[in-house]
Enquirer: 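Input: one structure, supplied below.
Letters A, B, ... mirror the listed sequences (proteins, then strands); counts begin at 1.
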Amino acid sequence: MTNQELKDLITGWFAIPEAVQLEFSEEGSQFLNLSIHPDYLHETMYYLKLNRDTDFDYLYCLTGIDWEKELEVVYHLESTEHRHSLVVRTKTSDRETPVIDSVQDIWPTANFHEREVYDFFGIRFKNHPNMKRLFLAEDWEGFPLRKDYVDEVNMVVK
Amino acid sequence: MSTATINNNFKSEEYFINMGPQHPATHGVLRLLLTIDGEIIKKVEPDLGYIHRSIEKMCEKDSYQQIVHLTDRMDYLSSHINNEAVCLCVENALQLEIPERVKVIRTILDELTRISSHCLWWGVMGMDVGALTTYFYGFRDREMINDIFEETCGARLTMNYNIPGGLMQDIHPNFVKRVKEFIAHFKTKIPEYNRLLTGNVIFQKRTIGVGLLTKEDAISYGASGPVGRASGYSCDVRKHHPYSALDRVDFKEALATEGDSFARYRVRIQEMWESISIIEQLIDNIPEGDFKVPTNAVIKLPKGEYYQKVETARGELGVYIISTGTKNPYRVKFRSPGLSNLSLLNHIAVGGKIGDLVATMATIDIVVPDIDR
Amino acid sequence: MSYLSDIYNGIKTLLTGMSVTGKYFLNSRKGAITQQYPDNRDTLKMFERFRGEVVMPHDENNEHSCTGCQKCELACPNGSIEIIWDRVIDENTGKKKKIIDQHIYHFGMCTQCGLCVDACPSDAIKWAQNFENSVYDRTQLTRVLNQPGSKVRAGVEE
Amino acid sequence: MNTLININNLFLSIIPAEITGLPKMAMIALIYLGIFAVLGLYLVLLERKVAAWFQLRLGPNRVGYHGLLQTMADALKLVSKELTGTVKADKFLYNLAPYFVIITSLMALGIFPFTQKLQAYDLNIGLFFLIAISSIGVIGILLGGWSSNNKFSLIGAMRSGVQTISYELSVGLSLLTMVLLTQSLQLSEIVEVQKNGWLIVQGHIPAIIAFMVFMIAGTAETNRAPFDMVEAESELGAGFHTEYSGMKFAYFFLAEFINMFIIAAIATTVFFGGWLSPFGVTESIPWLGVFWFLAKTFILVFLMMWFRWTFPRLRVDQLLTLEWKYLLPINLVNIVIMAVIVWLNLSIQF
């Protein structure tokens, strides 16, 4: 499917796309970007995988990004059947207790990747069966990949 | 005594066992927490992070040229391919026109890297299932490739030969000759590998039907590389998203349908043949030209996001760079093949024996620094 | 019948494997790949591009070609190069000129990436092929590359 | 060779007389202990050299001429090493285990006829004694693995138990096949019978099958690759001797090599005519029997090393499949064939 077709199809799933903050953009990226409110993320992802026309069965990258004011999670999806790609993004401005729905029931690969994002950004994933730190020790303080993380001993800033 | 009492008296109990971080089969510092009932594995839980260096965080402070050398230290067995991934990403962002010569050399080195990685894997695979001699035969052949790398790139493992815009130096005058020598040598060695290990009845018994992974699971667990292809999932980035000189070579994607350890083994052996064929197609036709295009000393990527995927020896490596237009990237994410491949270990190892786990882990071919970036 | 053919095939594959190792056993005299380091120091020659350590070549007049432009210091990802420089007045032109006081190389921090040598505009530093770099004290790994009393070669400009 | 002749002379004077005095017994024991130690050390060296040659390496070549003293140096190191162990180990059993293993292999060594005269004890149930003794060794391994209080050791020990109990059968049955031919269990008599041709020739087809089964089962008995489930370093670290160090580890290590020698020596005695020279070429010089015995034994030892450095390891359930589904039925059929051959007098005699 072309990006335009994808856009039309996905917009059609929502009665009021503005209500879920559904936005598309292709600016500054080689993929079609879809951003959505975190509350509707899991449902949308579920459709994206199950719908025959979209059929995004391959989640190949799951990234956390710290935009200083907000935290963002980016999902790179690809369909192995149709070979089209989509980037799904969701943002939360809650930096203290950010929670986003887990997609590990849709793509089991997200299990480790979500733990990694939790480990480095502190974003908790709701309904994740094992929401523990993946790399760092359990008693590690802070989330190292956040921009405001400071560690005066181990981090040498040039 | 009734049967119930007897069963009660002989109730088996599950217990935990720590495999690693200093276990011979975990190849580096991977720790697996196994839940075992007798010899049957009930659960495998990897405990990671023993050598996490936070390369992604380090990248946020480095210039784009400097990022490249950090990727050497991720999957150190395919460091050239890692370097290339970053360079391609930066070059795409800058929309640089890369000379044909660079593309061809990069592809040749990619495939040599793949062969060298698979050689090491083959040796270690044999060692994991108990045939210690394979290790030395694998390393003997790998040594020839390492010599080629050392002569041209200046290092055996952490080559850092790619820079955004091309290569650091032109190829060494001996390069073509040595590669041809190696190809001629290696073509006689793969049949020997097959005679020694592939055909061996014990080896086949150890691997056939062990660690079964279906195609659907392979996709949803994000498997890539030989692990995915052994389950019949066509996931070769070189085929689907060709980069460098891969668009002009003719090669088959190594596929198998069984999804067991032996299929993964055969896919890797097949990949070595395909790599040889790719090198043979390119080695005589390295175009003349520059080995790099000049770039600014300070590279600033335009604001935006850039994603580049390449096929390393272990699977799909993704480089995701987010730039805000400054000389440092805002965020760099490396989608490492190892982490996804490892995440399916629990899925396919449960129900097998300890020996099966070792064989399965060997065919998944994890490199721990790749997981603990 | 498959029972017997299983046995036959099994034994056949085992013997095939043994023939491979047996062949190597018989040729073991000439086939050994062991490098008897350090016995073979005399014959062991590294490739000329091998990146062992960074050195600054000096000619017979104790002159090097480092102008103190600090490009290598900027290119280094690990901060292994530190240049202490000074400004003096050039006798010929009367202009102020940058010269190096000390070109400090922290070998313990170096990852042998080669970016400094690549960045150097006057080819003042290059790679040496020495690989026996172990020392008893870490401080010995901090080296001053320019020799005492050396000066920049005439004609090498920034 | 000189020392061998001395030993030979010594025994010539000792053996025919009834051995009643304790000093004499002690002397024999000491001599065997010496043989045991030297043999063990040089088998280790041989293994390392052979492994190196299979693997395109040079092997130990620093200590002594071509590394001949390497294992001596290793032994010295092991003797001087600290004995460590786990705190929660069952101390008594933990310390007992290595002796179990080493004593059994030493006992087995005592009844081999190195030549017609050089034999410490000529038991009339020699073969039976060997089979019995070789299965006691596994108790040491079980004890060691169980008392170490280490899960890897325990798994290794349990595997060892399973393995030895199963393969005992094949070892016994394949030797029994040959006993049908010799009609004696006494080792000296078994060799005597072979003056009309080695048993592997006398018994032709069933003897060759029995030999193959014996070699496979014997390799498994000694816990060597491809049957090294007990140690399986890529699965269990070091298996049952994970927690042993220093001299106690050395006991296990030496016993493994001596057991390998014993299996090869049994095969030599039963199938290849023991100390008999091929076609009786050196029949006039009896002491050359030692040479022939050792030569044949070391060829078989080399064969076992060749197995080890070529094959991958079996899985524990496949190990049992091999025994119960392949070796045992073959063996039983083989015994019947052999009985028929003996009954119809079809054996080849020179």
Enquirer: Taking side chain as everything from C-beta outward and backbone as N, CA, C, O, which of these in B/Glu216 sits under 4.5 Å from a heavy atom of chain A? Side chain, backbone, both or neither.
Expert: neither

Enquirer: Can you measure from CZ (A/Phe120) to NZ (B/Lys333) and round to the nearest 0.5 angstrom?
Expert: 8.5 Å

Enquirer: Near B/Lys239 NZ, under 6.0 Å, is it more than 12 heavy atoms from other residues, nucleotides or ligands?
Expert: yes

Enquirer: For A/Asp57 versus B/Ile219, what's the shortest heavy-atom pair and its separation?
Expert: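 Shortest heavy-atom separation between A/Asp57 and B/Ile219 comes out as O-CG2, 3.3 Å.
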
Enquirer: More than 12 heavy atoms of other residues, nucleotides or ligands under 6.0 Å from NZ of B/Lys300: yes or no?
Expert: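 12 or below, so no.
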
Enquirer: Need one label for B/Ser343: side chain, backbone, both or neither, based on atoms under 4.5 Å from any heavy atom in chain A.
Expert: both

Enquirer: How long is the span from the CD atom in B/Glu316 to the OH atom in A/Tyr58, to the nearest 0.5 Å?
Expert: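 Result: 3.5 Å between the selected atoms.
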
Enquirer: Which heavy atom of B/Arg331 sits nearest a heavy atom of A/Leu145, and at what distance?
Expert: NH1-CD2, 3.3 Å

Enquirer: Below 4.5 Å, heavy-atom pairs only: which of B/Tyr233, B/Tyr320, B/Tyr306 has the largest tally toward chain A?
Expert: B/Tyr320

Enquirer: Among A/His76, A/Arg133, A/Glu78, A/His113, who wins on heavy-atom pairs under 4.5 Å with chain B?
Expert: A/His76

Enquirer: With only heavy atoms counted, which part of A/Leu134 is less than 4.5 Å from chain B, the side chain, the backbone, both or neither?
Expert: both

Enquirer: Kindly compute the distance separating CG (B/Asn341) from CZ (A/Phe112), expressed to the nearest 0.5 Å.
Expert: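 Atom-to-atom, B/Asn341:CG and A/Phe112:CZ are 11.5 Å apart.
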
Enquirer: Would one find more than 12 heavy atoms of other residues, nucleotides or ligands at under 6.0 Å from atom CD of A/Glu96?
Expert: no

Enquirer: May I ask you to check whether B/Tyr221 and A/Trp107 place their ring centres under 6.0 Å from each other?
Expert: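 No - the distance between ring centres of A/Trp107 and B/Tyr221 does not fall below the 6.0 Å cut-off.
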
Enquirer: Specify whether A/Tyr60 and B/Tyr307 have parallel, tilted or perpendicular ring planes, treating 30° as the upper limit for parallel and 60° as the lower limit for perpendicular.
Expert: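 Rings of A/Tyr60 and B/Tyr307: perpendicular, as their planes differ by over 60°.
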
Enquirer: How close do A/Arg83 and B/Ser234 get, heavy atom to heavy atom, and via which atoms?
Expert: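 Where A/Arg83 meets B/Ser234 most closely, the heavy atoms are NH2-O, 2.8 Å.
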
Enquirer: Do you know the tightest heavy-atom contact between A/Lys49 and B/Ser220?
Expert: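 So the minimum-distance heavy-atom pair works out to NZ-CB, 4.1 Å.
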
Enquirer: How far apart are the C-alpha atoms of A/Asn130 and B/Glu45, what are their side-chain angles, what is the distance that settles it, and do they pass the side-chain contact (heavy atoms from CB on, under 4.5 Å) test?
Expert: CA-CA 11 Å; A/Asn130 191 16; B/Glu45 197 182 338; 3.8 Å; yes

Enquirer: Under the criterion side-chain contact (heavy atoms from CB on, under 4.5 Å), I'd like the reasoning laid out for B/Asp47 against A/Phe135: C-alpha separation, chi angles, the key distance, then a yes or no.
Expert: CA-CA 8 Å; B/Asp47 183 14; A/Phe135 292 120; over 6 Å; no

Enquirer: For A/Val87, is it the side chain, the backbone, both or neither that has a heavy atom under 4.5 Å from a heavy atom of chain B?
Expert: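 No part of A/Val87 comes within 4.5 Å of chain B.
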
Enquirer: Where do A/Gln30 and B/Gln308 land on the side-chain contact (heavy atoms from CB on, under 4.5 Å) test, with the steps shown first?
Expert: CA-CA 10 Å; A/Gln30 70 242 55; B/Gln308 173 70 43; 5.6 Å; no

Enquirer: Atom NE2 of B/His240 and atom OG1 of A/Thr80: how far apart are they, to the nearest 0.5 Å?
Expert: 9.0 Å

Enquirer: Within 45 degrees of the axis of the six-membered ring of B/Tyr330 and under 6.0 Å from its centre: does A/Lys147 put its NZ or CZ there?
Expert: yes

Enquirer: Name the member of A/Leu59, A/Asp119, A/Ile106, A/Asp66 that forms the most heavy-atom pairs with chain B at distances under 4.5 Å.
Expert: A/Asp66

Enquirer: Is chain A contacted by the side chain of B/His241, its backbone, both, or neither, given a heavy-atom distance below 4.5 Å?
Expert: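 Contact with chain A is through the side chain of B/His241 alone.
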
Enquirer: If you measure from CD1 on B/Ile322 to CD on A/Glu72, what distance do you get to the nearest 0.5 Å?
Expert: 7.0 Å

Enquirer: For each of A/Gln104, A/Lys132, A/Glu68, tally heavy-atom pairs with chain B at distances under 4.5 Å, and name the one with the top tally.
Expert: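 Top option by heavy-atom pairs under 4.5 Å: A/Glu68.
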
Enquirer: Could you walk me through whether B/Arg335 and A/Thr63 pass side-chain contact (heavy atoms from CB on, under 4.5 Å), step by step?
Expert: CA-CA 9 Å; B/Arg335 184 265 187 217; A/Thr63 316; over 6 Å; no

Enquirer: Around atom CD of A/Glu70, are there more than 12 heavy atoms of other residues, nucleotides or ligands at under 6.0 Å?
Expert: yes

Enquirer: Which pair of heavy atoms, one from B/Gly222 and one from A/Thr109, lies closest together, and at what distance?
Expert: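 What the structure gives for the nearest pair is N-CB, 3.7 Å.
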
Enquirer: Could you grab the distance from atom CG of B/Leu344 to atom CG of A/Asn111, nearest 0.5 Å is fine?
Expert: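 Answer rounded to 0.5 Å: 11.5 Å.
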
